[in-house]
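Working notes for the structure below.
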Amino acid sequence: MTGLIAFREIVLKVHSRCDLACDHCYVYEHADQSWRGRPKVISPEVIAQTASRLAEHARTHALPSVTVILHGGEPLLAGTARLRLVCEEFTRALDGIADLDLRMHTNGLQLSRRYLDLFAEFGVSVSVSLDGDRAANDRHRRFADGRTSHPLVLAAVDLLRTEPYRHLYQGLLCTIDVANDPVAVLDALVELAPPRVDFLLPHATWQTPPVRPDEAPDTYARWLLRVFDHWEHLGRPVPVRLFDSLFSTLAGGPSLTESLGLAPTDLVVVETDGTLEQVDSLKSAFEGAAATGFNVFDHAFDLVASHPGVRARQLGLAGVSDTCRRCPVVRSCGGGLYTHRYKAGPGDLSGSEAAGDFDNPSVYCTDLRELVDGVEGRTSTRASAPELSDPTALAGSQEQLTRDLLALLNDRRTGDSDWDRAWRVLGAVERAGRAGADALDAVLAHPFTRTWVMACLDPAQEALGAPQAARRLTALAAAAVLRGGLDLPAEVVYRDGEVYLPTLGLLRLGEPGTEGRAALHAADGGYAVREEGRAEHRFGPAAGDARWQPVRTWSPGPDTAPVALEDLDPHRNCFARPPRLRLGAGEAEEWRERLDAAWSLLHSSVPEFARAAATGLTTLTPLAGGPRARGWGEAGRHGPGALGVPYAAGVAETALALLTGRRRAGLQALTEVADLYALDGEWQHPSPWRERPVPVSRLLADVHERVAVEAYRRATAAAEPGGLDRINRALDRLSGAAELTSTGKRLVEQLRWELKAVDA
């Protein structure tokens with residue numbers, strides 16, 4: 001049974017009849033009428049066997065938790081004694097195997113303290129079906145004799161909201177009817193202060209389409225968008241799962257509801273007679289649509305997981321129609337609820353399974369497209385990651401990411417005495433006022449701090465080992481102490497006679513091949529080192545010690561912070577080609593002159609791009625060899641703010657390397673802290689610059705780079721024929737890419753504006 005999904009959610013039908021006669025109910029009013037031949041109440045034998053099967057399934061798949069939803073019909077009609085038996089059997093069976101989450105969906109008519117006392121005992125959370133205010137609720141949710149159910153439901157919800165039951169209140173389920181006033185419906189639901197509201201599209205198929213009084217294909221979208229606008233106006237007073245799911249998928253996250261998104265289903269239904277069925281909504285399609293042929297007495301849950309109907313809903317993107325695969329909102333809508341895709345075959349009016357299929361868009365296709373676009377259009381500015389347009393936010397997020405990764409590394413390394421000592425020093429630095437905080441920020445913002453942390457966290461690089469990790473951390477702590485001029489102990493562990501202090505320089509403490517320890521401290525505007533058995537000596541900016549090699553800097557301009565010319569850090573080898581060895585004094589000065597000339601060339605030709613390239617650039621590393629065919633710069637892997645530039649490149653090549661390298665590095669830094677796309681690689685896109693189709697990440701990176709290159713080439717009279725057209729074609733492709741998040745789409749819009757400026 002390898003590769004089969006594990007069921008984490010069980011819908012247990014404890015009673016197959018209902019005390020309401022809702023005319024929109026999929027169980028009693030739609031195509032499948034199998035309820036007529038089933039027992040009214042679930043038997044003790046079915047309860048015990050289902051609990052045993054679930055425990056077996058949870059143990060086999062090592063599930064940490066499972067959810068059991070008590071359902072119907074109306075589950076409260078089963079009575080307290082039978083419901084207690086359900087709670088006891090499942091609690092006993094899952095004890096020590098998986099956490100049990102018991103829930104109930106009810107119309108609330110029978111809800112009373114005796115039920116709620118039972119639910120409080122076993123932690124059964126309760127969701128109540130309510131379609132809005134009285135007028136909306138009475139449109140469908142009436143007794144068989146036509147009487148209203150609304151006052152009884154309100155009384156049930158009021159009881160559920162009181163202590164000691166309030167914690168059991170899970171939310172309200174509202175089936176949409178576009179004849180109802182959406183504002184009044186939302187107001188009525190919000191007044192009951194639910195922990196969550198679920199708006200449900202009425203079940204329909206292409207054979208039995210939804211009611212559309214105005215015959216418009218987007219009726220339901222317009223109704224829901226009016227709800228959304230009012231919900232926003234009220235300040236989002238309660239969570240609405242439909243909208244929260246769209247926020248999640250538009251930001252690159254998962255769907256939060258079965259009715260939307262591409263997540264595989266992990267639900268199985270157990271009827272009152274022990275029959276195992278697929279998701280219940282399939283009863284709307286045709287007689288027997290939900291059937292599997294399995295039952296809890298003869299079959300394990302894994303057999304249901306192998307059923308073709310269940311497998312079809314595990315395929316994600318591959319499980320939707322070709323039309324849906326080409327749609328830019330498919331990640332959010334997921335092709336709609338599986339049931340809503342059903343269409344009978346040509347000439348078939350009975351809706352038989354053999355004649356029809358689900359390989360179609362949803363009958364709510366236009367509604368879903370308009371809903372996704374409408375929510376995105378209303379929220380894209382707020383939903384976009386601030387790092388996209390705010391360099392300060394990007395830098396802050398990058399620093400926080402390094403801190404989080406370093407904390408993770410600390411969790412793994414605790415127990416090493418050198419590491420623990422250095423970690424305590426870092427904590428003391430952070431608590432030492434503004435000077436300490438600034439010093440710590442500086443060493444953590446050093447690009448190759450991240451490179452080192454990621455290497456230590458990489459299982460494939462275990463050869464680094466604990467001693468190497470501890471040596472670097474002692475050096476990191478010492479650098480922070482020295483930068484802050486703090487009166488704190490800073491002991492470093494060195495190897496091969498030297499220690500590199502991030503952002504400061506390289507200190508030689510012994511002959512090559514030697515190891516040892518040394519205590520460093522700040523002293524009169526410089527630094528001092530004390531080794532056991534040796535006299536203290538000074539080093540640093542004013543000491544003139546030959547054993548000290550400081551990190552050199554380069555100033556791009558009067559209004560730009562100095563950039564480190566980093567040719568010392570042993571972790572600077574994170575580029576595609578090897579770094580050059582330590583530059584001689586003359587070589588360093590020559591490189592500064594070329595950088596000055598290249599920077600001047602950029603500012604005279606593409607000033608806007610030059611200013612953007614300077615933002616966030618903290619470190620330049622000279623790379624071995626000359627420029628490659630395109631002469632483009634390299635962003636270091638896990639080195640935010642660092643850029644590798646071929647040392648032997650001429651002025652023009654260096655200018656192009658600075659420009660393109662910063663574009664690469666900027667996009668890389670953004671993707672590390674913000675989601676620009678999801679499901680990268682599920683689609684392949686034609687690229688104007690490559691022979692084969694590429695994933696969206698590659699196409700976006702190419703366009704992001706080429707816009708700047710096109711600007712530079714036009715400004716230097718070196719533009720290639722058709723360059724602008726190729727970029728526009730790629731942007732058009734990206735605009736229709738389903739993978740892009742709201743932030744990714746905003747980035748594409750920015751690239752269009754940049755390109756328009758280039759063309760102008």
Side-chain angles (χ1 to χ4, degrees), residues 244-257 259-264 313-336 361-362 365 368-377 379-385 387-389 663-664 666-707 726-752 754-755:
D244 289 342
S245 182
L246 292 179
F247 295 155
S248 177
T249 54
L250 288 171
S255 170
L256 307 179
T257 172
S259 62
L260 297 174
L262 295 167
R313 299 199 307 285
Q314 317 306 316
L315 301 177
L317 186 64
V320 301
S321 68
D322 287 342
T323 300
C324 293
R325 281 182 60 86
R326 295 192 298 269
C327 178
V329 305
V330 68
R331 273 196 314 102
S332 290
C333 83
S362 168
C365 179
L368 294 174
R369 175 66 188 268
E370 293 298 323
L371 176 62
V372 175
D373 286 344
V375 169
E376 183 174 28
T379 61
S380 61
T381 301
R382 286 174 290 158
S384 296
E387 293 86 355
L388 178 62
S389 54
R663 293 289 281 194
R664 290 182 177 187
L667 183 60
Q668 177 176 289
L670 185 60
T671 58
E672 287 174 344
V673 296
D675 291 318
L676 304 181
Y677 40 76
L679 298 182
D680 187 37
E682 288 286 344
W683 290 264
Q684 295 292 307
H685 302 275
S687 169
W689 306 284
R690 301 177 186 271
E691 292 183 2
R692 296 181 179 179
V694 297
V696 74
S697 57
R698 180 70 268 165
L699 185 61
L700 181 60
D702 284 345
V703 173
H704 191 265
E705 213 167 68
R706 297 278 180 165
V707 170
R726 284 191 289 271
I727 297 173
N728 272 314
R729 292 205 313 271
L731 285 171
D732 288 343
R733 184 71 185 189
L734 285 170
S735 294
E739 303 98 311
L740 292 186
T741 65
S742 295
T743 303
K745 291 175 183 178
R746 288 289 302 280
L747 176 58
V748 171
E749 290 175 10
Q750 288 184 9
L751 293 173
R752 283 197 185 278
E754 285 185 345
L755 194 63

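Owing to the predicted nature of the structure, the values given are computational and were not obtained by experimental measurement.
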Quiz item: Looking at residues at least two apart in the chain, or sitting in another chain, which of them share a side chain to side chain donor-acceptor pair (under 3.5 Å) with T743?
Solution: none
Practice problem: List for me each residue that meets side chain to side chain donor-acceptor pair (under 3.5 Å) alongside D244, sequence neighbours excluded, and say none if there are none. | Solution: none
Quiz item: Looking at R331 and E376, does any basic side-chain N land under 4.0 Å from a carboxylate oxygen?
Solution: no
Quiz item: Ignoring hydrogens and geometry, is there a side-chain-to-backbone donor-acceptor pair from T379 to R382 under 3.5 Å?
Solution: no
Self-check item: Summary of salt bridge (charged side-chain N to carboxylate O under 4.0 Å, His left out) pairs that have at least one residue in residues 728-743, sequence neighbours excluded
Solution: D725-R729, D732-R752
Quiz prompt | R698/D702 salt bridge by N-O under 4.0 Å criterion | solution = yes
Exercise. Quick one: closest heavy-atom pair of L734 and L740, and the distance?
Key: O-CD1, 3.2 Å
Quiz item: Who passes side chain to side chain donor-acceptor pair (under 3.5 Å) against T249, sequence neighbours left out?
Solution: S332
Exercise. Kindly determine whether V696 and L679 satisfy side chain to side chain contact (heavy atoms under 4.5 Å, CB included), including the steps that lead there.
Key: CA-CA 9 Å; V696 74; L679 298 182; over 6 Å; no
Quiz item: Quick one: side chain to side chain donor-acceptor pair (under 3.5 Å) partners of E370, sequence neighbours excluded?
Solution: none
Quiz item: Taking only residues at least two apart or on different chains, which pairs with a member in residues 672-684 satisfy side-chain hydrogen bond (donor to acceptor under 3.5 Å, both in side chains)?
Solution: Q398-E672, R450-E672, D680-S697
Quiz item: Can a donor-acceptor pair be found between the side chains of S742 and S380 at a distance below 3.5 Å?
Solution: no
Practice problem: Walk me through it: do L667 and L747 pass the test side chain to side chain contact (heavy atoms under 4.5 Å, CB included)? | Solution: CA-CA 10 Å; L667 183 60; L747 176 58; 3.8 Å; yes
